[in-house]
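Take a look at the structure set out below.
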Amino acid sequence: MAELNVTLPDGSRRVFPEGATALDVARGISPRLADAAFAAKIDGRLRDVYLPLPGDCHIEIVTNRCADALDIYRHSCAHLMANAVKELFPEAKIAIGPTIENGFYYDFDRPEPFQPEDLAKIEERMEEIISRDTPIRREEMPWEKARDLFEKEGEPYKAELAFERGQNEPVSIYRQGQFNDFCRGPHLPSTGKIKPGTFKLLSVAGAYWKGDEHNKMLQRIYATAFLSAKELEEHLARLEEAKLRDHRKLGKELKLFHIDEDVGPGLILWTPAGATIRQELQNFISEELRKQGYAQVFTPHIGKLTLYKTSGHFPYYKDSQFPAIVAPESLAVALEENCSCAELMNRVEAASARLAASVNERAGREVIGAGQVMPDDQLLDGFLLKPMNCPHHIKIFSSQPHSYRDLPVRLAEFGTVYRWEQSGELNGMTRVRGFTQDDAHLFCTEDQVGAEVRGCLSLVKIIFGTLGLADYRVRVGLRDPDSKKYTGTADNWDKAEEACRDAARTLGVPFTEEPGEAAFYGPKIDFIIRDVIGREWQLGTVQVDYNLPIRFDLTYTGADNAMHRPVMIHRAPFGSMERFVGILIEHFKGAFPLWLAPEQVRLLPIADRHVSYCNTVAENYRAAGLRVSVDSRPEKTGYKIREAQLQKVPYMLVAGDREVDAGAVSVRALKGGDLGVRPSGEFLETLRGRVAKRTLELE
RNA sequence: GCCGGCAUAGCUCAGCUGGUAGAGCAGCUGAUUCGUAAUCAGCAGGUCCGCGGUUCGAGUCCGCGUGCCGGCUCCA
């Protein structure tokens, strides 16, 4: 009988008869190991423990101590959940059920919606299936057989997957009792290996089959699982904890902003406290811009459609803009002709298409809607709430001739833009319909592109560093070679993409290159951060653009006395004030550093006779530029302190007889508690120093 | 936009199977003058998101709309 030579992780070798399984190997080491085996890693590849070993090999038994264990465990939980759903709701069709970062989900197609109370029933059934300790077994077969099997079982989604993924090689299915799933594996050897109390079904959500909105919408059940009940509890506690720092909750509690149904969804009203934070941030960035040679400009909130036809924003991005504002004269003429709303929009679009045709030709781009023809007298123009600031800034640049000696020209503006985000996308301050970008556009020579992009990136780094934002990732967004949504020539795209890559390399932080993530006019470098519930948001962005300069026919005179085309760079280190402040609220959990805190100091007189002293101290602090209030209500000190703590005021200065006599204040820090008595003037200087340096520490 | 859930006082929430609303905090008034996270008492506060419908009767049931929440899709 043939033998197998098996090498263990510690380098030792053992011999087993042919047909031995990983489980046999584990048993040979210890019964406990065999019992704890999730799967086996054979020559570096994960396999099920009960399968015969393929030959001589290196083997490692995967237990709950291994890095791969959690993923296997969760995936088996996903099957367990689908198994339970099929038992409770036999009419449900199963789709896909992968593991994700903090758990797993499974998609089902079922006529009736899952109700939240169904989740508990499913969990219960999962535990029941665990108690059956049903073996989970892999079976390999040709894809046709798998497809037929799933078709016979009335599982069209699985049959489709078998067809799509199988074509070239045999596929595998996993069976546990009556439940079959199309799956690569590996899995735990039986349902009894899953421990009750280590998983939790979290929510039901809609999700399109294969992520395509043209496909049917399925029902997705999100869940999580950990290797121990303790870890699950910890994770659930973290989720609860995260909810407490949600900017929507804190924004309300700390009165930082308000969204009013009557003003409109996605439109932020900055209340005084939030406005203070925003103003401080704008002051900060303005200082940095002056240091880096930017010029500040102001532009209006609207622009003629013509402008956006030239830029390419209209009508291409029509669906994500507020509808055009038609000029009153044009509207009157159209009304006289009994022109319907639809017809009116037709005329606006036809006019834009005609103009876009000539511009697009220059930009070397396929023309959109060029087929429409309309008599000139029916062409309408109107205005658009600006979706971007660049066209206005471009017009400032092109309002006068430029020599290469002028370049780079850096125009900055806190410019407010409006975009018609889909209603389902709106989210607190992080996804809104009107927002202010800390925008700037740099116009430079081709030779200057690298240095300018690097300058922009260093600005982002300074800003993130000052605010202590360290947990972000950097994405270099490149064009998707298969898509036609881009404007401009391949040659210019190649140059721009290379410039971005180069600049990113000099950044000193890891970055990923992601095709399909470019803007329609050029590649970009984005700084992406997560909110409290793990959603990613793009904040700072730097974008290289060879195309808008062509569309607007921008020029400068070179040293050779010939006309040259400048390159544009779009950049916004915060991205938008709304989103950035939303993220900052969560980052600081509402406890802003001194320089940003809406209220920096609160004076707390012990009794009425100390109020006038506190008012005097407050005046001194205000004169020095600090934001100070006095809590003169006839409440006990403990009460006032509790309130100031909840409102996250960085410093509370308590004053009673002792302090009045000494001209001092008793300092209590939001973080750090009682710091003892300090001379009032001395402490003022300490605070001024911290504000000037924009330090993060509150102690 | 799509799927699901939710909407009661300024805030957080209670209100069983239909019988025209309640608490805590906040607010106001008064008393208390107090030393590092809640002093006591009284008062006031609600078109139960909006519009229809079913019913003798709707906060509660049904339909439509609006907004919010989670997810999907999208994000120049």
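Order of the sequence lines sets the chain letters (A, B, ...), proteins ahead of strands, with each chain counted from 1. We use all heavy atoms of the structure for the numbers below, so side chains are in, but hydrogens, waters and symmetry mates are not.
By the side chain to side chain contact (heavy atoms under 4.5 Å, CB included) test, A:Val660 pairs with A:His610, A:Tyr613, sequence neighbours left out. In this structure, the side-chain hydrogen bond (donor to acceptor under 3.5 Å, both in side chains) partners of A:Thr512, at least two apart in sequence or on a different chain, are A:Glu514. Every residue meeting the side chain to side chain contact (heavy atoms under 4.5 Å, CB included) condition with A:Ala78, not counting sequence neighbours, appears here in chain and number order: A:His75, A:Phe104, A:Tyr106. Partners of A:Glu253 according to the side-chain hydrogen bond (donor to acceptor under 3.5 Å, both in side chains) rule, which considers only residues two or more places apart in sequence or in another chain, are A:Lys249. For A:Pro549, the side chain to side chain contact (heavy atoms under 4.5 Å, CB included) partners are A:Asp545, A:Leu554, A:Arg565, A:Met568, not counting sequence neighbours. Every side chain to side chain contact (heavy atoms under 4.5 Å, CB included) that A:Val417 has, sequence neighbours left out, goes to A:Lys386, A:Asn389, A:Arg419, A:Phe435, A:Gln437.
Between A:Tyr613 atom OH and B:U33 atom C1' there is a gap of 19 Å when expressed in whole angstrom units. Residue A:Leu250 contributes atom CG, which lies 13 Å from atom P of B:U12 at whole-angstrom precision. In this structure, CG of A:Leu653 is placed 18 Å from P of B:G35, rounded to the nearest angstrom. A straight line from CZ of A:Arg668 to P of B:U36 spans 9 Å, rounded to a whole angstrom. In this entry the distance linking CZ of A:Arg658 with P of B:G35 reads 10 Å, nearest Å. Look at NZ on A:Lys252: it is 11 Å from C1' on B:G10, rounded to the nearest Å. One interatomic measurement links the two molecules: CD1 of A:Ile606 to P of B:G35, which rounds to 6 Å at whole-angstrom precision. In this structure, CG of A:Leu603 is placed 14 Å from C1' of B:U36, rounded to the nearest angstrom.
Remark: the separation of the C1' atoms in B:C6 and B:C48 is 15 Å, to the nearest Å. Between B:G50 and B:A14, the two C1' atoms lie 24 Å apart (nearest whole Å). Between B:G57 and B:A38, the two C1' atoms lie 44 Å apart (nearest whole Å). Rounded to whole Å, the separation between the P atoms of B:G53 and B:C72 comes to 40 Å. Of the C1' atoms belonging to B:U73 and B:C2, the separation is 8 Å, rounded to the nearest Å. Between B:G22 and B:U54, the distance separating the two C1' atoms is 28 Å to the nearest Å. On the C1' atoms, B:C25 is 23 Å away from B:C68, given to the nearest whole Å. Between B:G4 and B:U17, the two C1' atoms lie 25 Å apart (nearest whole Å).
In secondary-structure terms, RNA chain B builds stems of at least 3 consecutive Watson-Crick or G-U pairs, each pair having both distances under 3.5 Å, at B:1-7 with B:66-72, B:10-13 with B:22-25, B:27-31 with B:39-43, B:49-53 with B:61-65.
Using a 4.5 Å heavy-atom threshold, the side chains of A:Gln645 and A:Arg668 count as touching.
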### Query
side-chain hydrogen bond (donor to acceptor under 3.5 Å, both in side chains) between A:Trp209 and A:Asp107: does it pass, once the steps are laid out?
CA-CA 8 Å; A:Trp209 168 236; A:Asp107 287 348; over 6 Å; no
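Relative to the ring axis of A:Phe89, A:Arg110 places its NZ or CZ within 45° and under 6.0 Å from the centre.
Taking the six-membered ring where the residue is Trp, A:Trp420 and A:Phe322 present perpendicular rings, their angle passing 60° and hence far from 30°.
Taking a cutoff of 4.0 Å between a charged side-chain nitrogen and a carboxylate oxygen, A:Lys243 and A:Asp246 do not qualify as a salt bridge. Comment: A:Lys640 does not engage A:Glu635 in a salt bridge, judged by the lack of any side-chain N to carboxylate O separation of less than 4.0 angstrom. One finds no salt bridge joining A:Arg475 and A:Glu536 here, because no Lys/Arg side-chain nitrogen approaches an Asp/Glu carboxylate oxygen to under 4.0 Å. Classification of A:Glu101 and A:Arg530 as a salt-bridged pair holds, one side-chain N sitting under 4.0 Å from a carboxylate O.
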### Message
Walk along nucleotides 71-76 of chain B from 5' to 3' and tag each nucleotide B, S or - by protein heavy-atom contact under 4.0 Å, base first, then sugar-phosphate.
### Response
BBBBBB
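Within residues 104-123 of chain A, the residues that place at least one heavy atom under 4.0 Å from RNA chain B are, in residue-number order, A:Pro113, A:Gln115.
Note on residues 599-616 of chain A: pairs passing salt bridge (charged side-chain N to carboxylate O under 4.0 Å, His left out), not counting sequence neighbours, are A:Glu599-A:Arg602, A:Arg609-A:Asp657.
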Nucleotide N/O to protein N/O under 3.5 Å, stretch nucleotides 61-68 of chain B:
{"from": "B:U66", "atom 1": "O2'", "to": "A:Glu261", "atom 2": "OE2", "distance (Å)": "2.8"}

Using the 3.5 Å cut-off, write out each protein N or O paired with an N or O of nucleotides 26-31 of chain B and the distance between them.
{"from": "B:A26", "atom 1": "OP1", "to": "A:Tyr639", "atom 2": "OH", "distance (Å)": "3.0"}

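Exactly one residue among A:Trp493, A:Tyr546, A:Tyr521 makes a ring pair (Phe, Tyr, Trp, His ring centres under 6.0 Å) with A:Tyr486. That residue is A:Trp493. Among A:Lys524, A:His441, A:Gln543, the single residue meeting the side-chain hydrogen bond (donor to acceptor under 3.5 Å, both in side chains) criterion with A:His570 is A:His441.
Within the 4.0 angstrom heavy-atom criterion, base atoms lie near A:Gln645.
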